[in-house]
Amino acid sequence: MAAPKFRIAICGGGIGGLALAVVLGKYEQKDAPLEVNVYEARPEIATFGAGLSVWQRTWRVMQLLGMEQELSDASVRPPSKGLGPGFVYRRGDRETDTYNYHTVMLPSDMVGVLMNNIPPSYKIHNSKKLQQYVEVLDDNGNLKHYELHFADGSVAEADILLGADGIKSATRMCMYKLAHERDCPQDVDRDHCTRCHIATPKWTGIIVYRSLFPTERLKEMHLDHQGLRFTLCVCNKFPFPASTP
Ligand SMILES: Cc1cc2nc3c(=O)[nH]c(=O)nc-3n(C[C@H](O)[C@H](O)[C@H](O)COP(=O)(O)OP(=O)(O)OC[C@H]3O[C@@H](n4cnc5c(N)ncnc54)[C@H](O)[C@@H]3O)c2cc1C
């Protein structure tokens with residue numbers, strides 16, 4: 001077997017990290033394979049939530065990766081543009097062609113399909129919570145490799161580190177810490193540094209409330225409203241109505 005071209009560490013075994021491993025497996029050159037290690041903080045690759053809505057754009061990516069049939073088999077219903085169980089999502093600023101909802105499946109089934117498509121030579125390590133990584137330099141001050149330090153005291157090496165460890169990413173925090181130490185004025189701490197304070201995520205979105213609206217009231221207002229015919233969720237920049245007939 002050919003020697004690995006370089007060593008890749010993926011920090012985080014959520015849907016993002018696993019999908020990344022599938023992509024690497026699909027596109028690596030067979031005569032120069034990659035050494036890929038996925039490091040997951042939890043004791044097992046696990047998912048939460050009852051149902052995962054898979055949107056058309058996600059589905060297209062899965063199609064391109066050759067996982068369409070397996071995912072169709074795992075879906076609650078085969079994907080289609082027509083109406084089915086679950087909400088029909090409509091953008092409030094468009095009158096037609098806004099059915100975005102595609103299919104739904106158990107998150108564990110999605111993870112199962114991804115795991116099936118990761119090359120067997122790629123290793124998944126559980127209970128490996130990254131605390132920090134350090135840059136190991138050679139005698140000339142050039143980057144030799146990264147050293148990953150985990151909460152259980154173990155250490156691993158990689159030539160490339162890819163952070164897929166979610167919204168509170170330890171990889172990103174560490175990247176900004178190292179960049180701050182290297183590039184920014186020493187008398188400014190990172191939380192007050194104009195560039196590096198963005199390493200700490202903060203909420204910039206919109207809070208959306210969902211509530212029930214009586215069908216009878218909707219009928220009074222609009223006898224032919226589409227929300228009386230199917231389960232509808234309209235998204236807009238002002239409060240959105242969600243309805244079930
Ligand atoms: C309530 C809810 C419902 C949702 N429903 C849908 C839906 O129906 N359809 C949809 O498309 N999206 C949905 N989403 C969004 C979707 O869950 C996220 O976009 C997706 O999980 C992001 O994947 P990820 O792999 O980037 O991050 P995550 O899912 O957060 O995975 C990160 C992984 O990294 C691990 N990790 C964290 N820190 C470390 C560390 N220091 N070292 C090692 N590993 C670490 C975590 O344990 C985890 O396994 C929903 C989100 C929520 C909160």
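Predicted, not measured: the structure shown is a model, and the values here were computed from it. Values below: all heavy atoms of this structure, side chains included; hydrogens, waters and symmetry mates excluded.
Within the structure, every pair that satisfies the ring-ring contact (aromatic ring centres under 6.0 Å, His included) test and touches residues 106-128, not counting sequence neighbours, is listed here: Y39-H125. A ring-ring contact (aromatic ring centres under 6.0 Å, His included) check over residues 155-205, counting only residues at least two apart or in different chains, returns nothing.
Not counting sequence neighbours, the partners of R7 by the side chain to side chain donor-acceptor pair (under 3.5 Å) test are E157, D159. Remark: K26 engages L65 in a side-chain contact (heavy atoms from CB on, under 4.5 Å) (not counting sequence neighbours). Remark: S127 engages no residue in a side chain to side chain donor-acceptor pair (under 3.5 Å) (not counting sequence neighbours). When the side-chain contact (heavy atoms from CB on, under 4.5 Å) test is applied to P120, no partner is found at least two apart in sequence or on another chain. In this structure R195 satisfies the side-chain contact (heavy atoms from CB on, under 4.5 Å) test together with A179, D183, C184, C193, sequence neighbours excluded. Applying the ring-ring contact (aromatic ring centres under 6.0 Å, His included) criterion to H149, with sequence neighbours excluded, gives no partner residue. A search for side chain to side chain donor-acceptor pair (under 3.5 Å) contacts involving K5 returns Q29, not counting sequence neighbours.
Of all the heavy atoms in M105 and S75, the pair that sits closest is CE-OG, 3.4 Å. When all heavy atoms are compared, the tightest approach of C196 to R190 is CB-CG, 3.4 Å. Nearest approach of G12 to E40, heavy atoms of both residues: C-OE1, 3.8 Å.
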Discussion item. side-chain contact (heavy atoms from CB on, under 4.5 Å) for I10 and L161? Distances and angles first, verdict last.
Written reply: CA-CA 6 Å; I10 300 176; L161 168 62; over 6 Å; no
Item to complete: Please step through side-chain contact (heavy atoms from CB on, under 4.5 Å) for the pair T58 and R60, ending with a clear verdict.
Response: CA-CA 5 Å; T58 313; R60 180 74 187 127; over 6 Å; no
Discussion item. Applying side-chain contact (heavy atoms from CB on, under 4.5 Å) to F150 and C11, what does each step give before you reach the verdict?
Written reply: CA-CA 11 Å; F150 299 102; C11 180; 5.9 Å; no
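Checked by atom type and distance alone, the side chain of R172 pairs as donor or acceptor with a backbone atom of I167 at under 3.5 Å. A donor-acceptor pair under 3.5 Å links the side-chain atoms of E28 to the main chain of L34, judged by distance alone. At least one donor-acceptor pair under 3.5 Å links the side chain of D165 to the backbone N or O of T171. Checked by atom type and distance alone, the side chain of E68 never pairs as donor or acceptor with a backbone atom of Q63 at under 3.5 Å.
Hydrophobic clustering (ILVMFWY, side-chain heavy atoms < 4.5 Å, transitive): V155 and I124 are in distinct clusters. In the hydrophobic clustering of ILVMFWY residues, with side-chain heavy atoms under 4.5 Å counting as a link, W59 and V61 come out together. Hydrophobic clustering of Ile, Leu, Val, Met, Phe, Trp and Tyr side chains at less than 4.5 Å, counting indirect connections, unites L178 with L143. When hydrophobic clusters are built by joining Ile, Leu, Val, Met, Phe, Trp and Tyr residues whose side-chain heavy atoms come closer than 4.5 Å, directly or via intermediates, V36 is grouped together with I15. By the rule that hydrophobic residues join a cluster once side-chain heavy atoms approach within less than 4.5 Å of another member, V54 and L106 end up as members of separate clusters.
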Identify all side-chain donor-acceptor contacts of residues 16-24 below 3.5 Å with residues at least two apart in sequence or on another chain.
none

Listing, residues 109-117 side-chain donor-acceptor contacts under 3.5 Å, not counting sequence neighbours, or none:
from : atom 1 : to   : atom 2 : distance (Å)
N116 : ND2    : E70  : OE1    : 3.4
N117 : ND2    : E70  : OE2    : 3.1
N117 : ND2    : V113 : O      : 2.8

Which pairs of donor and acceptor atoms, one on a side chain in residues 131-139, lie under 3.5 Å apart (sequence neighbours left out)?
from : atom 1 : to   : atom 2 : distance (Å)
D138 : OD1    : N140 : N      : 2.9
D138 : OD1    : G141 : N      : 3.1
D138 : OD1    : N142 : N      : 2.8

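To the nearest 0.5 Å, atoms OG (S108) and CD1 (I45) are separated by 13.0 Å. Atom CG of residue L218 and atom NE2 of residue H222 lie 8.5 Å apart, to the nearest 0.5 angstrom. Between the CG atom in L130 and the CG atom in L148 there is a gap of 5.0 Å [rounded to 0.5 Å]. K219 contributes atom NZ, which lies 6.5 Å from atom CG of L228 (distance to the nearest 0.5 angstrom). If you take CZ on R217 and CE on M221, they are separated by 6.5 Å, rounding to the nearest 0.5 Å.
Around the NZ atom of K168, the shell of radius 6.0 Å holds no more than 12 heavy atoms that belong to other residues, nucleotides or ligands.
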